[in-house]
*Asks:* 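Before I ask anything, let me first share the structure, which is written out below as structure tokens.
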Amino acid sequence: VQTCALPISVITISSEDVGTIIKGTAKTRTNGTDTVIDINDLSSITIYLRDPDSIVTTHTATATNVDGGTDGIWSFTTASAIFSENPGIWKIQAKYAYGGGNIFYSQIKNITIGEALL
């Protein structure tokens, strides 16, 4: 199992990988200081992946650790070869939605998808 953790700016995944764990940490920045968001306070975490052809797919992330999300760490696992046959630079961004209607977006990061020799 390959794990990708944000905020690494460049990661390499094979285009045919299945079961890749994509992880990130929900944070807010105020006056240059990062603070972890307790994801127990969120109603949903949506992950957007944009391929090199600008096609966007969405994925639902959940808290990773047993503490339920006080550490802000979320993840989702690819159930299929979502990067299949489209190697290149992909973009990833998280959307954090609160029950009260507030919505915040993470910074956009790059993921490098390499070709698989099939």
Side-chain angles (χ1 to χ4, degrees):
V1 173
Q2 184 170 342
T3 300
C4 301
L6 297 178
I8 295 173
S9 58
V10 177
I11 313 162
T12 301
I13 300 170
S14 175
S15 63
E16 293 298 319
D17 285 354
V18 176
T20 300
I21 300 168
I22 309 282
K23 285 179 144 183
T25 302
K27 295 180 182 178
T28 184
R29 178 170 283 188
T30 305
N31 298 324
T33 302
D34 288 341
T35 304
V36 170
I37 296 171
D38 181 346
I39 59 180
N40 291 309
D41 297 336
L42 301 175
S43 61
S44 66
I45 303 169
T46 304
I47 307 304
Y48 296 95
L49 291 171
R50 186 173 65 209
D51 72 13
D53 297 327
S54 296
I55 296 170
V56 176
T57 58
T58 59
H59 308 272
T60 301
T62 57
T64 298
N65 297 319
V66 294
D67 71 354
T70 58
D71 59 3
I73 300 174
W74 54 259
S75 69
F76 77 93
T77 303
T78 61
S80 62
I82 62 174
F83 306 108
S84 183
E85 298 183 27
N86 208 349
I89 304 297
W90 286 55
K91 304 284 185 185
I92 184 170
Q93 185 175 39
K95 173 185 172 184
Y96 305 119
Y98 287 85
N102 292 339
I103 296 173
F104 299 97
Y105 291 86
S106 71
Q107 294 178 340
I108 297 170
K109 299 293 182 177
N110 292 336
I111 301 176
T112 300
I113 306 301
E115 279 188 76
L117 297 176
L118 302 176

*Asks:* Asp71 pairs by side chain to side chain donor-acceptor pair (under 3.5 Å) with which of Thr25, Asn65, Thr64?
*Replies:* Asn65

*Asks:* Give me the atom names and distance for the closest heavy-atom approach of Ala94 to Ile47.
*Replies:* CB-CD1, 3.7 Å

*Asks:* With a 3.5 Å distance limit and no angle check, can you tell me whether Ser75 reaches the backbone of Lys23 through a side-chain donor-acceptor pair?
*Replies:* no

*Asks:* How far does CD1 of Ile103 sit from OG of Ser43, to the nearest 0.5 angstrom?
*Replies:* 8.0 Å

*Asks:* Would you check, one step at a time, whether the test side-chain contact (heavy atoms from CB on, under 4.5 Å) holds for Ile39 with Leu42?
*Replies:* CA-CA 5 Å; Ile39 59 180; Leu42 301 175; 3.5 Å; yes

*Asks:* Which distance, rounded to the nearest 0.5 Å, do you find between the CD1 of Ile45 and the OG1 of Thr60?
*Replies:* 9.5 Å

*Asks:* Quick one, Lys91 with Leu49, criterion side-chain contact (heavy atoms from CB on, under 4.5 Å). Give me CA distance, side-chain angles, the key distance, then yes/no.
*Replies:* CA-CA 6 Å; Lys91 304 284 185 185; Leu49 291 171; over 6 Å; no

*Asks:* Do Thr35 and Thr30 have side-chain heavy atoms sitting under 4.5 Å apart?
*Replies:* no

*Asks:* Can you run down the salt bridge (Lys or Arg N to Asp or Glu O under 4.0 Å) pairs that involve residues 29-45, sequence neighbours left out, and say none if there aren't any?
*Replies:* Arg29-Asp34

*Asks:* My understanding is that only residues two or more places apart in sequence, or in another chain, count here; which of them pass side-chain hydrogen bond (donor to acceptor under 3.5 Å, both in side chains) with Lys95?
*Replies:* none

*Asks:* To the nearest 0.5 Å, what is the distance between OG1 (Thr77) and CD1 (Ile21)?
*Replies:* 4.5 Å

*Asks:* How long is the span from the CD1 atom in Ile37 to the CH2 atom in Trp74, to the nearest 0.5 Å?
*Replies:* 12.0 Å

*Asks:* In the single-linkage hydrophobic clustering (I, L, V, M, F, W, Y; side-chain heavy atoms under 4.5 Å), do Val56 and Ile22 co-cluster?
*Replies:* no

*Asks:* Under a 4.5 Å side-chain heavy-atom rule over Ile, Leu, Val, Met, Phe, Trp and Tyr, are Tyr96 and Phe76 clustered together?
*Replies:* yes

*Asks:* So Phe104 and Tyr98, would you call those rings parallel, tilted or perpendicular, with 30° and 60° as cut-offs?
*Replies:* perpendicular

*Asks:* Check step by step if side-chain contact (heavy atoms from CB on, under 4.5 Å) holds for Ile108 and Tyr48.
*Replies:* CA-CA 9 Å; Ile108 297 170; Tyr48 296 95; over 6 Å; no

*Asks:* Going from CD1 on Ile73 to NZ on Lys27, what distance comes out if it is rounded to the nearest 0.5 angstrom?
*Replies:* 9.0 Å

*Asks:* Working note: Ile92 + Asn110, criterion side-chain contact (heavy atoms from CB on, under 4.5 Å); need CA distance, chi angles, decisive distance, verdict.
*Replies:* CA-CA 6 Å; Ile92 184 170; Asn110 292 336; over 6 Å; no

*Asks:* Checking the side chain of Asp51 only, and the main-chain atoms of Asp53 only, is there a donor and an acceptor separated by less than 3.5 Å?
*Replies:* yes

